[in-house]
Visitor: 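The structure follows.
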Amino acid sequence: MSNWQWFHRLGSPRWFYYKTEGWVPWLAAVSGILLVLGTVWGLAFAPPDYQQGNSYRIIYLHVPAAFLALIGYYVMAVAGAVGMIWRMKMAFVVMKSAAPIGAALTFLSLVTGAIWGKPTWGTWWEWDARITSMLILLFLYLGIMALQAAFQSRDAADKASALLALIGTVNIPIIYKSVDWWHTLHQPATLKLTSAPTIHSSMLYPLLTMILAFYIFYALVLILYTRAEILRREGRTQWVIDLVKEEAKKP
Amino acid sequence: MHPVRRQRLFFILFIVFFSSVAVGLMAFALRDNINLFYPPSMIVAGEVPLDRRIRAGGCVRPGSVSRDRETLETTFLLTDGIVDFRVHYTGILPDLFAEGEAAVVNGELRADGGFYATQVLAKHDEKYMPPEVAETMAAVSDGHDESCEVVQYGS
């Protein structure tokens with residue numbers, strides 16, 4: 001049973017709260033440095049594109065945001081599944097925290113895509129499969145947030161949102177493969193799992209930097225949201241009361 | 001794993017599997033409607049409605065773009081590498097509209113086989129490279145780099 005110990009400890013909000021306290025400044029520093037590095041590299045030093053000129057540079061925001069919007073959905077759904085199976089409080093806390101972050105990232109990728117689409121395609125918005133399925137993803141995230149707010153009972157809200165999160169997972173492969181399965185206005189993927197990227201290395205490295213930066217930034221924001229939600233849910237427990245008293249004493 | 005938890009796990013797998021099947025069947029049934037545009041093969045074969053607003057897409061055939069000297073009227077051919085059809089459009093084309101690049105047109109197909117577009121969108125490809133690299137690649141190729149190499153609109 002001892003190899004399951006970490007799993008049970010992870011289930012303790014108090015353990016999680018104190019464990020992650022030291023991680024926050026590190027994650028903030030690393031993601032901050034990488035974000036600045038990737039942004040300056042991508043916007044100032046990477047060469048312009050042979051067709052799009054400088055307008056392609058929005059890729060350094062659009063692609064990482066869309067990546068994390070999709071991966072963040074799996075984080076939320078897996079947390080929901082763990083919560084459902086093991087009735088683990090912490091998993092539901094993570095699930096709830098992942099929703100607004102994912103919604104923000106999805107919104108960011110939709111907005112940057114529209115801004116890029118106007119000069120490139122000649123339209124802000126087209127109801128093609130990629131863009132529409134991404135809009136559905138935004139509504140799924142917003143739906144989870146609405147479900148969390150709609151129930152009086154914490155338990156009912158968590159179970160209902162976990163169910164919606166799990167059903168919504170079907171949308172993720174659809175978004176990912178939409179550009180291959182159907183005729184869309186959106187171009188196929190530039191970064192692929194199975195073959196070489198179709199972007200020149202001088203433009204690729206800042207993009208990979210930004211993607212890594214977004215990963216770490218996502219972890220940071222998820223931990224911060226989770227810690228805030230732990231305090232909200234555990235407000236009546238002795239350790240939180242003690243913690244608040246301790247903080248109040250500080251000048 | 002505890003039997004109760006195993007049961008919950010199966011319940012979750014059941015939900016995910018059957019919701020995927022349901023959505024998959026729906027997407028399969030609606031596949032023609034999910035496509036943003038008709039490919040050239042369907043336009044030429046007459047498998048699309050006439051005189052109704054539809055979208056068509058394809059690759060702008062190199063050398064086929066002709067502009068009227070007096071007006072903004074432009075005509076060009078959209079191709080899938082095998083068949084092509086003529087598009088008539090009056091208006092300003094998007095910046096990235098070019099020969100050898102894909103485009104999506106919104107308009108009506110008339111009985112004369114011409115497509116009368118009210119909107120032309122440039123469909124960008126997934127390649128990104130600096131101008132110098134593009135020039136080098138154009139120099140080593142036989143000058144046919146504007147040739148719609150990867151046309152995948154055949155059905």
Side-chain angles (χ1 to χ4, degrees), chain A residues 46-53 55-56 59 77 80-87 116-123 126-133 162-163 166-171 173-174 178-192 197-204 207, chain B residues 1-2 4-13 15-24 27 31-39 55 57-58 92-98 101-104 106 119-135 137-138 150 152-153 155:
Chain A
D49 182 60
Y50 74 119
Q51 281 183 324
Q52 302 175 56
S55 72
Y56 93 94
I59 196 177
V82 170
M84 291 270 266
I85 295 167
W86 282 277
R87 294 285 185 265
W116 177 82
K118 184 63 187 169
T120 312
W121 298 331
T123 180
E126 192 61 61
W127 293 99
D128 86 341
R130 170 56 73 80
I131 303 170
T132 309
S133 55
L163 205 61
L166 284 163
I167 292 171
T169 51
V170 62
N171 192 31
I174 291 178
S178 55
V179 286
D180 303 325
W181 288 343
W182 300 293
H183 301 316
T184 56
L185 186 60
H186 194 288
Q187 66 270 32
T190 296
L191 304 174
K192 284 171 286 270
T198 52
I199 178 168
H200 192 258
S201 55
S202 59
M203 301 159 158
L204 174 66
L207 180 59
Chain B
M1 205 184 243
H2 194 278
V4 176
R5 284 174 203 146
R6 182 172 300 158
Q7 199 184 354
R8 290 187 200 134
L9 175 68
F10 283 136
F11 173 65
I12 282 166
L13 292 177
I15 289 171
V16 171
F17 178 74
F18 281 96
S19 58
S20 305
V21 169
V23 173
R31 63 193 179 284
D32 289 339
N33 296 309
I34 296 173
N35 284 328
L36 184 73
F37 54 82
Y38 289 111
R55 283 195 212 87
I92 297 165
L93 292 160
D95 288 354
L96 288 179
F97 176 87
E101 295 290 329
V104 174
N106 195 340
Q119 185 189 32
V120 174
L121 301 173
K123 179 171 152 61
H124 190 256
D125 63 22
E126 70 275 29
K127 294 190 206 71
Y128 298 84
M129 60 181 124
E132 309 90 77
V133 178
E135 277 168 30
M137 282 175 70
V150 272
Q152 298 168 336
Y153 306 109
S155 46

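First the proteins, then the strands, lettered A, B, ... as listed; each starts at 1.
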Visitor: Do the side chains of A:Leu207 and A:Thr190 get nearer than 4.5 Å, heavy atoms only?
Guide: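 No, too far: nothing below the 4.5 Å cut-off.
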
Visitor: For B:Ser19, what residues pass the side-chain contact (heavy atoms from CB on, under 4.5 Å) criterion, not counting sequence neighbours?
Guide: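 Partners of B:Ser19 under the side-chain contact (heavy atoms from CB on, under 4.5 Å) test: A:Ile167.
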
Visitor: Taking the side chain as every heavy atom from C-beta outward, state whether A:Thr198 and B:Asp125 have any atom pair closer than 4.5 Å.
Guide: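 Contact flag for A:Thr198/B:Asp125 side chains = no.
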
Visitor: Measure distances from A:Ile174 to the heavy atoms of chain B and classify the residue's part below 4.5 Å as side chain, backbone, both or neither.
Guide: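 Looking at A:Ile174, just its side chain touches chain B.
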
Visitor: Side chains of A:His200 and A:Ser202: is there a donor and an acceptor less than 3.5 Å apart?
Guide: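 The criterion, which ignores hydrogens and geometry beyond distance, is satisfied for A:Ser202 and A:His200.
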
Visitor: Contact part of A:Gln52 toward chain B, heavy-atom cut-off under 4.5 Å: side chain, backbone, both or neither?
Guide: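 When you check distances to chain B, atoms from both the backbone and side chain of A:Gln52 fall under 4.5 Å.
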
Visitor: Let me know if B:Val120 has heavy atoms under 4.5 Å from chain A in its side chain, its backbone, both or neither.
Guide: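 Only the backbone of B:Val120 comes within 4.5 Å of chain A.
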
Visitor: Under 4.5 Å from any heavy atom of chain B, what part of A:Ala189 do you find: side chain, backbone, both or neither?
Guide: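 Backbone of A:Ala189 only, per the 4.5 Å heavy-atom cut-off to chain B.
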
Visitor: Where does B:Pro94 contact chain A at under 4.5 Å (heavy atoms): side chain, backbone, both or neither?
Guide: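 Just the side chain, heavy atoms under 4.5 Å.
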
Visitor: Using non-hydrogen atoms only, which part of B:Gln119 is less than 4.5 Å away from chain A: side chain, backbone, both, or neither?
Guide: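 Just the side chain, heavy atoms under 4.5 Å.
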
Visitor: What residue, out of B:Ile15, B:Leu96, B:Val104, has the most heavy-atom pairs lying under 4.5 Å from chain A?
Guide: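 Heavy-atom pairs under 4.5 Å are most numerous for B:Leu96.
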
Visitor: Any side-chain heavy-atom pair from A:Thr184 and A:Ile131 closer than 4.5 angstrom?
Guide: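 No - every pair of side-chain heavy atoms lies 4.5 Å or more apart.
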
Visitor: According to the interplanar angle, ranging from 0 to 90°, do the rings of A:Trp116 and B:His124 count as parallel (below 30°), tilted (30 to 60°) or perpendicular (above 60°)?
Guide: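 Rings of A:Trp116 and B:His124: perpendicular, as their planes differ by over 60°.
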
Visitor: Looking at A:Pro48, A:Ala162, A:Gly53, A:Ala46, which one has more heavy-atom pairs under 4.5 Å with chain B than the rest?
Guide: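 It is A:Pro48.
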
Visitor: Taking the side chain as C-beta and beyond, is there a heavy-atom pair between B:Phe37 and A:Asp128 under 4.5 Å?
Guide: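 B:Phe37 does not reach A:Asp128 side chain to side chain.
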
Visitor: Can you tell which part of B:Arg6 gets under 4.5 Å to a heavy atom of chain A, answering side chain, backbone, both or neither?
Guide: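 Neither part.
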
Visitor: For A:Met84, which atoms come within 4.5 Å of any heavy atom of chain B: side chain, backbone, both, or neither?
Guide: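 Contact with chain B is through both the backbone and side chain of A:Met84.
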
